[in-house]
Amino acid sequence: MGNKLVLIDGNSIAYRAFFALPLLNNDKGVYTNAVYGFTTMLLKILEEESPDHMLVAFDAGKTTFRHKTYEEYKGGRQKTPPELSEQFPLLQELLDSFGIRHYQLPQYEADDIIGTLAREAENRGDEVTVISGDKDLLQLVSGNVTVRLTKKGITNVETYTPGFLKEKMEIDPEQVIHLKALMGDSSDNIPGVPGVGEKTAVKLLKQFGTLENLYDNLGEVSGKKLKEKLETNKNEAYMSKKLVTIELEAPLEIALTDTAYTGYEPSAVRKQFQDLGFESLINRIGSDEEESKAEMISVEVEKEKPLTEDILLDETALIVEILEDNYHTSPVEAIVLSNEKGVFAFSPEQLMESDTFKTWAADSSRHKWVFDAKRTLVAFKRYGIPVEGITFDVLLASYLVNPAVNNHDIPAISHRLGETGIPTDEEVYGKGAKRKRPEDDVLYEHAGRKALMLYRLKSNLEEQLKQNKQEELFHNLEMPLALILGEMEYTGVRVDVDRLKEMGEELERRLEEIKKRIYEHAGEEFNINSPKQLGPVLFEKLGLPPLKKTKTGYSTAADVLEQLSSQHEIIDEILLYRQLGKLQSTYIEGLLKVVHKETGKVHTRFNQALTQTGRLSSADPNLQNIPIRLEEGRKIRQAFIPSRQGWVMFASDYSQIELRVLAHMSGDEKLIQSFKEGEDVHTKTASEVFGVAPEEVDSDMRRKAKAVNFGIVYGISDYGLSQSLGVSRKDAQIYIDAYFKSYPKVKEYMEDTVRQAREEGYVETLMNRRRYLPDMNSRNFNRRNAAERTAMNTPIQGTAADIIKKAMIDMAARLKEEELEATMLMQVHDELILEVPEQEVEKVTEAVREVMEGTVELTVPLEVDHSYGKTWFDAK
DNA sequence: TTGTGCACGC
DNA sequence: GACGTACGTGCACAAC
């Protein structure tokens, strides 16, 4: 029985990976993109091929035996970028950790090593797979040798067998060198016959078979010009053939037996991945059940013994295990404590009844370390147990340290810090529909392991917060905020279900009518909600001009359809259908689905550890995107009502907070002045940009200025502005230039921010929230540009987020202090929504203004507007 | 189950 | 000259 040998062209794959991936560097500032790409390819190969022999061949150096034939061989080639060169040693170390043999031979290229071994193995009857990005290797294809060439990217490969080669290139493997001899190869500086490309070469080979036969019968070549070219470049052709022919008898110092591959040691590879910063790949290693069990950190869990005072220490990790994301509805499965005394697991039934536990939980001097403070708090609240003294949340700490990490759970953080023996929730519980509660033992052990790690992780994260100067941000902003958000979520918002249903029925009727009219216009019935079906109806059947395409077909986005509005009546009907359909599916049906049956309330979850800028997000339901701009949709807000009779919905929002933050951070006198004088900032901008007196600013000028301000805040580009204004890019650029001329310090600030981001690798907000921008030095124009805009935007958006978060904390304190019953319900980025007893409205009005305006002192005043009414709709 | 297109908010 | 305004969530559809 033959062996299975995989031969990899190391240089070729590393090059591919390098150019296919952005110039990533790891936390040590070492470039790793080529190694990373190579590794993903390698893992795929190991999985797909399960080789028992393996070798990665590298080119040895600048000169090879081929240079004796032709000095200019590979001449004119770009020097290997140093960012890539420095990765080769890393790559070889990585291969060592995999236990994969790598080899290079002076004067020879990787091709020759591969060719020699492939031939030898083939002769023995082994099965060989060659991996490369270089078509020259195709000459090795045979019955036993398959060549897999990378296509786009690195993991995307095309597998060449003799049959496939014939189909694809119309030649046999033996003809590959003849083909190259004729057509040459500019990347290797191989001349071939000038003027002969792939097409002609294939045609000639079909007729003559080989280069030699071609020249023996040159007279039969059709075309005078071609014949001449072949004639005059005969030497070049033969030399080219010699150059591209892979040496099949290179004097290797290794034998096939040296390439034996028996699999890798997961621990060694894992360590290597950690050093390289390949967090995302770690989980792909050693998923083998046996192996990962053996590596799991062991935990002695004491199960369901009666809780006694002696195990409740002042510093204890507390894990509340809930399987589903939604902790408002999903049951608590287990509670685990971990501290110096050990790891102790309890069923909720047992613990929630224990007075010993309740006393400990309510004691703020007894510190609890948790994962997801808000989740923990709400979970206990559901059992009527107040918890005090939560002083450390691993989730929030990890998020602050680096929001770009999209997985902050305990196994993931543990992995990043080098502890790998923690399986993920998904591994233990399954995911999606298959997620289920395991046996008690498994559950307790898993939760116990997490509790143990939580206890251990705290000090490391604390240290990282300290390094980032984020202790204040963590302890005095995010931690207290978590408690407040927990209260808000648990309180929930009352929904007028009947009102929603009424609106739903009305919508249903209207949608039905519109649908009919659309079908009439179209002359057929189709699914209006399917862009794939709508496209052909509009742009083929009705002959409307397709103004924009998506990667799957015609674009039917609103901005496209609006431009076609005058050309066919169907367009406005479709836009209306979309608008109402959105209201129906997302805001009527979607909202009704998440209303609690008993309480008639919705309990959103604010995600406090997700956005890259520091804003909150909201889900199930998302209360931060309830319609407001169009009257039709705004009515949805009529269904959000106070939870008690005689109360009102009260909304309070910051006016222009982001531009005020910009004024403060840039120190631009004119912008500061503008806010100090209480001017209309868009009118003022218009007056500046268009060079007219404020009185002479018309509505169109103001509209444009508003868009400019918007763009400034979001990290402007001329294209973006031109899109939103419907003007040319050139004009958009003129507005931007005019803006920067009027507000020179803003321009300076933007430039400084970008420069600093490039140097430091990150940007920061007023309160030291941090965002890393690895693309600042990308060679890819788009990525770099996007990173630069992000650098400009994040400090502004993020500082605004810092400010409202602080205001929420102050607000909670103020309400308590004044013993008001008013309650915060929602936060929508620059807005707080409360429910307030009517008789408290006056006091709350004053409190909200004082607190929100006074929460931080900037060089410009902060201003808030407020409103209230019987429903959220009426608070306008 | 996953990716795409679309639409809602700030 | 490239691409494209920032940041989110959720729905329906269609391909896997």
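Proteins come first, then strands; the chains are lettered A, B, ... in the order of their sequence lines, and each starts at number 1. Computed from heavy atoms alone, side chains included, the values below leave out hydrogens, waters and symmetry copies.
- Taking side-chain N and O atoms only, R789(A) has no distance below 4.0 Å to OP1 or OP2 of dG4(C).
- Of the P atoms belonging to dA7(B) and dT5(C), the separation is 14 Å, rounded to the nearest Å.
- Checked for salt-bridge contact, K541(A) and E524(A) meet the test: a charged N lies under 4.0 Å from a carboxylate O.
- A close approach under 4.0 Å does occur between a side-chain nitrogen or oxygen of T550(A) and OP1 or OP2 of dG5(B).
- One finds a salt bridge joining R783(A) and D775(A) here, because a Lys/Arg side-chain nitrogen approaches an Asp/Glu carboxylate oxygen to under 4.0 Å.
- Ion pairing of R509(A) with E512(A) is absent here, as no side-chain N (NZ or NE/NH1/NH2) approaches a carboxylate O to less than 4.0 Å.
- Neither OP1 nor OP2 of dT9(C) sits under 4.0 Å from any side-chain N or O of T586(A).
- Nearest nucleotide to the T611(A) side chain, out of dC8(B), dG8(C), dA14(C): dG8(C).
- Taking every side-chain heavy atom of N793(A) into account, dA6(C) is the closest of dC8(B), dA7(B), dA6(C).
- In this structure, Q533(A) atom CD and dC6(B) atom P are separated by 14 Å, rounded to whole Å.
- Atom P of nucleotide dG8(C) and atom CG of D620(A) are separated by 17 Å, given to the nearest angstrom.
- Residue L721(A) is out of contact with every strand shown, counting any heavy-atom pair closer than 4.0 Å.
- When the nucleotides dC3(C), dG5(B), dG8(C) are ranked by their closest atom to the side chain of P531(A), dG5(B) comes out on top.
- Residue Q723(A) is classed as having no contact, given no heavy-atom separation below 4.0 Å to the nucleic acid.
- For G869(A) against D874(A), the heavy-atom pair with the smallest separation is CA-CB, 3.8 Å.
- The nearest whole Å value for the distance from the CG atom in L561(A) to the C1' atom in dC6(B) is 11 Å.
- Across all strands shown, L610(A) has heavy atoms under 4.0 Å from sugar-phosphate atoms exclusively, and none from any base.
- E658(A) has a carboxylate O that lies under 4.0 Å from a charged side-chain N of R615(A), or vice versa, which qualifies the two as a salt bridge.
- In the set dC3(C), dG5(B), dT1(B), the nucleotide with an atom closest to the side chain of K551(A) is dG5(B).
- Separation of the F690(A) and Y735(A) ring centroids falls under the 6.0 Å cut-off.
- Comparing the P positions of dG4(C) and dT4(B) gives an interatomic distance of 14 Å, to the nearest angstrom.
- Take the nearest nucleotide of DNA chain C for G590(A) and for A707(A): the residue whose nucleotide is more 5' is A707(A).
- Neither OP1 nor OP2 of dG8(C) sits under 4.0 Å from any side-chain N or O of R615(A).
- One finds no side-chain N or O of R634(A) lying less than 4.0 angstrom from the OP1 or OP2 phosphate oxygen of dC8(B).
- Contacts of K548(A) with the nucleic acid, taken as non-hydrogen atoms under 4.0 Å apart, are absent.
- We find that K805(A) and D802(A) are not joined by a salt bridge, their nearest charged nitrogen and carboxylate oxygen being 4.0 Å or further apart.
- Within the nucleic acid shown, N529(A) comes within 4.0 Å of sugar-phosphate atoms alone, with no base atom in reach, counting heavy atoms only.
- Comparing the C1' positions of dA2(C) and dC6(B) gives a spacing of 26 Å, expressed to the nearest Å.
- Look at K582(A) and you won't find any side-chain N or O under 4.0 angstrom from OP1 or OP2 of dG9(B).
- In this entry the distance linking CG of N785(A) with P of dA6(C) reads 11 Å, nearest Å.
- As judged by a 4.0 angstrom heavy-atom cut-off over every strand, I628(A) is placed among residues touching the sugar-phosphate backbone only.
- When distances run from any side-chain atom of T613(A) to the nucleotides dG5(B), dT9(C), dC7(C), the shortest one goes to dC7(C).
- With a cut-off of 3.5 Å on both Watson-Crick or G-U wobble distances, the partner of dC13(C) is given as dG3(B).
- Mapping S618(A) and R784(A) onto DNA chain C by nearest heavy atom places R784(A) at the nucleotide closer to the 5' end.
- Comparing dG9(B), dA15(C), dA6(C) against the side chain of K532(A) picks out dA15(C) as the nearest.
- When the side-chain nitrogen and oxygen atoms of N782(A) are compared with OP1 and OP2 of dC3(C), one or more of them lie within a distance under 4.0 Å.
- K593(A) has no side-chain polar atom (N or O) that falls below the 4.0 Å cut-off from OP1 or OP2 of dG10(C).
- When the side-chain nitrogen and oxygen atoms of S585(A) are compared with OP1 and OP2 of dG10(C), none of them lie within a distance under 4.0 Å.
- A donor-acceptor contact under 3.5 angstrom links the side-chain atoms of R729(A) to the base of dG4(C).
- Between T552(A) and dG5(B) there is a side-chain polar atom (N or O) within less than 4.0 angstrom of OP1 or OP2.
- Within the 4.0 Å cut-off from OP1 or OP2 of dC13(C), at least one side-chain nitrogen or oxygen of N527(A) is found.
- Comparing dA6(C) with dG3(B), their C1' atoms are spaced 23 Å from each other, to the whole Å.
- Nucleic acid contact class of A558(A) (heavy atoms, under 4.0 Å, all strands): sugar-phosphate only.
- Residue Y719(A) contributes atom OH, which lies 16 Å from atom P of dG1(C) at whole-angstrom precision.
- Atom pair H829(A):NE2 and dA6(C):P shows a separation of 15 Å (rounding to whole Å applied).
- Residue-level contact check: E658(A) touches neither bases nor backbone, having no heavy atom under 4.0 Å from any strand.
- Between dG4(C) and S717(A), no contact under 4.0 Å exists linking OP1 or OP2 to a side-chain N or O.
- For dC7(C), the OP1/OP2 oxygens have no side-chain nitrogen or oxygen of Q624(A) closer than 4.0 Å.
- Cation-pi geometry between R770(A) and Y762(A) is met: under 6.0 angstrom from the ring centre, within 45 degrees of the axis.
- Here the side chain of S867(A) pairs a donor or acceptor atom with the backbone of A875(A) at under 3.5 angstrom.
- If you measure from atom CG of L591(A) to atom P of dG9(B), you get 14 Å, rounded to the nearest angstrom.
- One atom, CD of E788(A), and another, P of dG4(C), lie 16 Å apart when rounded to the nearest Å.
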